[in-house]
Peer 1: 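Pasting a structure here, questions to come.
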Amino acid sequence: MTLEEYFGDWLKVIDKDELFKVTKQINVLYKTHSCEPAYNNIFKAFNVTPYNDLKLVSLAMDPYPQHNVSTGICFGNEKSVVKLSPSLEILKEAVIDFEVPHNLITFDPTLEEVSKQGVLLLNSALTVETNKTNSHTHIWRPFISSLLRNLSAYNPGLIYVLWGNVAKSFESFINKNNVVFKMPHPAYYARTNTKIPHSFFVELNNTVYYHFGTKIEWFKEEKF
């Protein structure tokens, strides 16, 4: 499969030189170490999110380091995971807002259904050594930096959410023609036993609607 076939229109903003450099390093690491996510899922976010329908870029830290949990989509869990990762549970509670009554709710833990709506759920490092958080962050930084620089230049008006200090360190690569929200990482809320205010996702969706005329459906609810 060629790069064009694999990445499609994303190659408009992916720096091929940085892609070749990082994949060369990652190929070695996957042969010599246990790494997450599964090798064929490293670039999954680009496969699932349609470039030409991109509205929102969500940037966090690195994949879940636990084996067989991360999917290649930031915050998503493999379908086989029985108990949601704390960060994903925090996000789920925030987008649904369990303090108000709901009908039957369906929430996709892989977050693929959200991604398909034009939401790029991206980590600032696309791989990690199993059980070693931040182990590949430095390897991916040039690739992610160039991606954000190109995205924000060629696609003005996108909405960005930077989760946590690592993600915020990439803010300088996003030009001023885009909307940027900055939030603590969901892991912070899990660690401090606090919640992301539901009002944040209301504001975020209102901003998406203002710029694109549609809202992100973070979950499905049966209508009676």
Side-chain angles (χ1 to χ4, degrees), residues 3-4 6-23 25-26 42-63 72-76 91 95 111 114-127 134 136-186 188 196-197 199-216 218:
L3 283 178
E4 288 73 18
Y6 187 86
F7 286 103
D9 288 327
W10 283 104
L11 282 182
K12 296 176 182 177
V13 292
I14 289 176
D15 186 315
K16 289 184 182 180
D17 289 337
E18 294 297 347
L19 177 62
F20 290 142
K21 288 177 187 177
V22 74
T23 51
Q25 296 179 74
I26 292 303
I42 294 174
F43 296 102
K44 187 173 184 178
F46 299 103
N47 296 151
V48 178
T49 306
Y51 173 80
N52 292 320
D53 195 29
L54 186 62
K55 305 174 185 70
L56 175 63
V57 178
S58 173
L59 185 70
M61 201 165 77
D62 53 359
I73 295 176
C74 181
F75 300 129
L91 288 172
V95 298
L111 298 182
V114 171
S115 299
K116 291 174 182 177
Q117 298 174 60
V119 180
L120 182 64
L121 294 167
L122 195 67
N123 283 303
S124 53
L126 303 190
T127 62
N134 284 331
H136 294 176
T137 302
H138 63 291
I139 298 173
W140 284 98
R141 189 171 183 88
F143 174 83
I144 298 296
S145 299
S146 64
L147 173 70
L148 292 175
R149 186 186 298 111
N150 291 339
L151 258 181
S152 65
Y154 302 154
N155 299 271
L158 291 179
I159 300 160
Y160 292 79
V161 182
L162 306 180
W163 297 98
N165 291 331
V166 173
K168 292 173 188 175
S169 72
F170 288 87
E171 186 179 6
S172 62
F173 299 104
I174 303 171
N175 69 30
K176 303 304 180 183
N177 295 321
N178 300 271
V179 179
V180 178
F181 291 90
K182 290 175 283 188
M183 293 287 289
H185 194 283
Y188 163 81
I196 298 174
S199 58
F200 168 70
F201 280 96
V202 172
E203 180 183 3
L204 181 60
N205 241 351
N206 287 340
T207 305
V208 172
Y209 184 80
Y210 176 80
H211 287 271
F212 298 98
T214 187
K215 292 187 177 183
I216 305 302
W218 302 96

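For this chain, numbers begin at 1 and follow the sequence in order. Note that the structure is predicted; figures quoted are calculated from it, not measured.
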Peer 1: Heavy atoms only: give me the nearest Asn178-Asn175 pair and the separation to one decimal.
Peer 2: ND2-OD1, 2.6 Å

Peer 1: Listing request: all salt bridge (Lys or Arg N to Asp or Glu O under 4.0 Å) pairs with a residue in residues 45-60, at least two apart in sequence or in separate chains.
Peer 2: Asp53-Lys55

Peer 1: Would you say OH of Tyr188 has more than 12 non-hydrogen atoms from neighbouring residues, nucleotides or ligands within 6.0 angstrom?
Peer 2: no

Peer 1: Please check if the distance between the ring centroids of Tyr154 and Trp10 is under 6.0 Å.
Peer 2: no

Peer 1: Can you give me the closest heavy-atom contact between Ser146 and Glu18, atom names plus distance?
Peer 2: OG-CG, 3.9 Å

Peer 1: Might you point out which heavy atoms bring Ala125 and Pro63 nearest each other, and give the distance in Å?
Peer 2: O-CD, 3.1 Å

Peer 1: Does any N or O in the side chain of Ser152 come within less than 3.5 Å of the main-chain N or O of Phe173, such that one atom is a donor and the other an acceptor?
Peer 2: yes

Peer 1: I'd like to check Leu204 versus Phe200 (side-chain heavy atoms, cut-off strictly below 4.5 Å). Are they in contact?
Peer 2: yes

Peer 1: Check for a donor-acceptor pair, side chain of Thr49 on one end and backbone N or O of Phe46 on the other, with a separation under 3.5 Å.
Peer 2: no

Peer 1: Is it true that Ser58 and Trp163 share a donor-acceptor pair across their side chains at a distance under 3.5 Å?
Peer 2: yes

Peer 1: Measure across Leu126 and Asn123 and return the closest heavy-atom pair with its distance rounded to 0.1 Å.
Peer 2: CD2-O, 3.4 Å

Peer 1: What heavy-atom pair brings Leu56 and Tyr160 nearest, and what distance separates the two atoms?
Peer 2: CD1-N, 4.4 Å

